[in-house]
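Notes to accompany the following structure.
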Amino acid sequence: MALPSGASATARMLTVPALLLLLSSAALLVFLILPSLSPSPAAHLCACSPPTTTHTTTTVTTTTTTASPAPVTTSPADVAWLKSQLASNSLPLLASHDAWHRLRKGINPRTREQQLFDINRHHGISHYPDEEATNHTALPCPGELLVEEHHSNYGEPWAGGRDVFEFLANASALTPRDQVLEIGCGTLRVGLHFIRFLEAAKFHCLERDELSLMAALRYELPAQGLLYKRPMIVRGEDMDFSRFGDTVMYDLIYASAVFLHIPDKLVWTGLERLAGKLRPQRGRIFVSHNIKFCSRLGGDECTRRLTELGLEYVGKHTHDSLLFNHYEIWFEFRRPKV
């Protein structure tokens, strides 16, 4: 049946708003239903098939960064840098003793003698009352060592120990794993640098002087924080190395200004006992200042004696000091490859 024209217009007017409402409702319904129809995240992560028992081993390659060992020798670049620092801080090289003393501003210098007097008088520095005076120090140290009198015992600046270490470590291509023996280490002027460089228990020393041993063991090792390195320092003379063990092999044996004060016969006794303990080919013996124990025999006789011991003379070296006008002469020996 046909609708009257007025009714058709009314129907069209009602149909457009209804259609818009219907479309809006449908869009809202789709928006609400879609999340439930979408697969959940867990569905993506979970395998549809049952899990297998196969184990996959993943190899991970890691790179271990090992710190480079500290350099043994001060380089020209190090020296240039230090000089630039002195210049930038207006610290010139002083030409006179008086000029040095004029720099003392706000400093109260005390000699070792004055320091020692105060330590003995007050039983220490900031000290506990008398009844508690001995209860708080793990390693009581004599005042003479605390003021470092032993740094002057051997006539040369204490700093020279570093020069000796640098020369010997470089000349022997020393590594921290190597075994080192010093004949006559004294107060460890040189030895401290070897102990610090080497792995624990790799430094041996034979020393006959009681005062020097006191300084080394009761002051230097604790003060330098090197007790954990466990050096083996033995009191003895007559070149008796038996306490170091029968199986030890040395990569470096050295005597710094020691053979000067030992009778030639005893030096040869020591070399005889040590020759078999020197690592063949690579191992070195260094003697400083002179080799009169050898040269007094004459060249041919010295060579013969060395050959009998399984040693050979390598050569003579001169090494300059870094800090003061001084040089040392060293003589090198080795054990040829068998």
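Keep in mind that what you see is a predicted model, and the values were worked out from it rather than measured.
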Can you tell me how far apart [atom1] ([X]) and [atom2] ([Y]) are? Round to the nearest 0.5 Å.
X	Y	atom1	atom2	value
M214	E210	CE	CD	6.5 Å
R208	L213	CZ	CG	11.5 Å
L221	L192	CG	CG	6.5 Å
Y313	L306	OH	CG	10.5 Å
L116	L146	CG	CG	9.0 Å
M232	F203	CE	CZ	12.5 Å

Any chain of hydrophobic side-chain contacts (each under 4.5 Å) joining [X] to [Y]?
X	Y	value
L322	W158	no
L260	M239	no
I183	V234	yes
F259	L181	yes
L311	W330	no

Is the number of heavy atoms from other residues, nucleotides or ligands under 6.0 Å of [X] [atom1] greater than 12?
X	atom1	result
L93	CG	no
D300	CG	no
E113	CD	no

With distance as the sole test, does [X] use its side chain to make a donor-acceptor pair with the main-chain N or O of [Y] at under 3.5 Å?
X	Y	result
D240	S242	yes
K316	I329	no
R218	P140	yes
R334	G283	no
D163	D320	no
K277	Y250	no
E207	G186	yes
R177	E199	no
R305	L297	no
S321	L323	yes

**Prompt:** Among side-chain atoms of E220 and H151, is any donor-acceptor pair under 3.5 angstrom?
**Reply:**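 Yes, a side-chain donor-acceptor pair sits under 3.5 Å.
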Can you find a side-chain donor-acceptor pair between Q224 and R196 that sits under 3.5 Å?
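Yes, a side-chain donor-acceptor pair sits under 3.5 Å.
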Exercise: identify the closest heavy-atom pair between [X] and [Y]:
X	Y	result
L278	R335	O-NH1, 2.8 Å
V72	A169	CG1-CB, 3.8 Å
R189	H193	O-CD2, 3.5 Å
Q114	T111	OE1-N, 2.9 Å
G143	I119	CA-CG2, 4.3 Å
S288	A257	OG-N, 2.6 Å

Electrostatic pair [X]:[Y] at N-O distance under 4.0 angstrom:
X	Y	value
R296	D264	yes
R112	E144	no
K83	D78	no

Original post:
Testing I253, L198, D251, L252 for side-chain contact (heavy atoms from CB on, under 4.5 Å) with Q179, which one passes?
Top reply: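 So, applying the side-chain contact (heavy atoms from CB on, under 4.5 Å) to Q179 and each of I253, L198, D251, L252, only D251 qualifies.
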Between [Y] and [X], is there a side-chain heavy-atom distance shorter than 4.5 Å?
X	Y	result
L274	L309	no
T187	L211	no
D118	R110	yes
L168	L174	no
P142	L145	yes
F167	H317	yes
P280	M249	yes
V164	F286	no

Are F165 and Y254 near enough that their ring centres are under 6.0 Å apart?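 No, they do not, as the ring centres are separated by 6.0 Å or more.
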**Item:** Reference residue D178; test side chain to side chain donor-acceptor pair (under 3.5 Å); the match among R279, R282, K202
**Value:**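 Among R279, R282, K202, the one that satisfies the side chain to side chain donor-acceptor pair (under 3.5 Å) with D178 is R282.
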**Q.** Parallel, tilted or perpendicular: rings of F333 and F293 (30°, 60°)
**A.**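 Tilted, since the angle between the ring planes falls between 30° and 60°.
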Give the ring-plane orientation class for F244 versus H204, where under 30° counts as parallel, over 60° as perpendicular and anything between as tilted.
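Rings of F244 and H204: parallel, under 30°.
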Pairs flagged by ring-ring contact (aromatic ring centres under 6.0 Å, His included) wherever residues 205-242 is involved - sequence neighbours left out: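 Residue pairs passing ring-ring contact (aromatic ring centres under 6.0 Å, His included), neighbours aside: H150-Y219.
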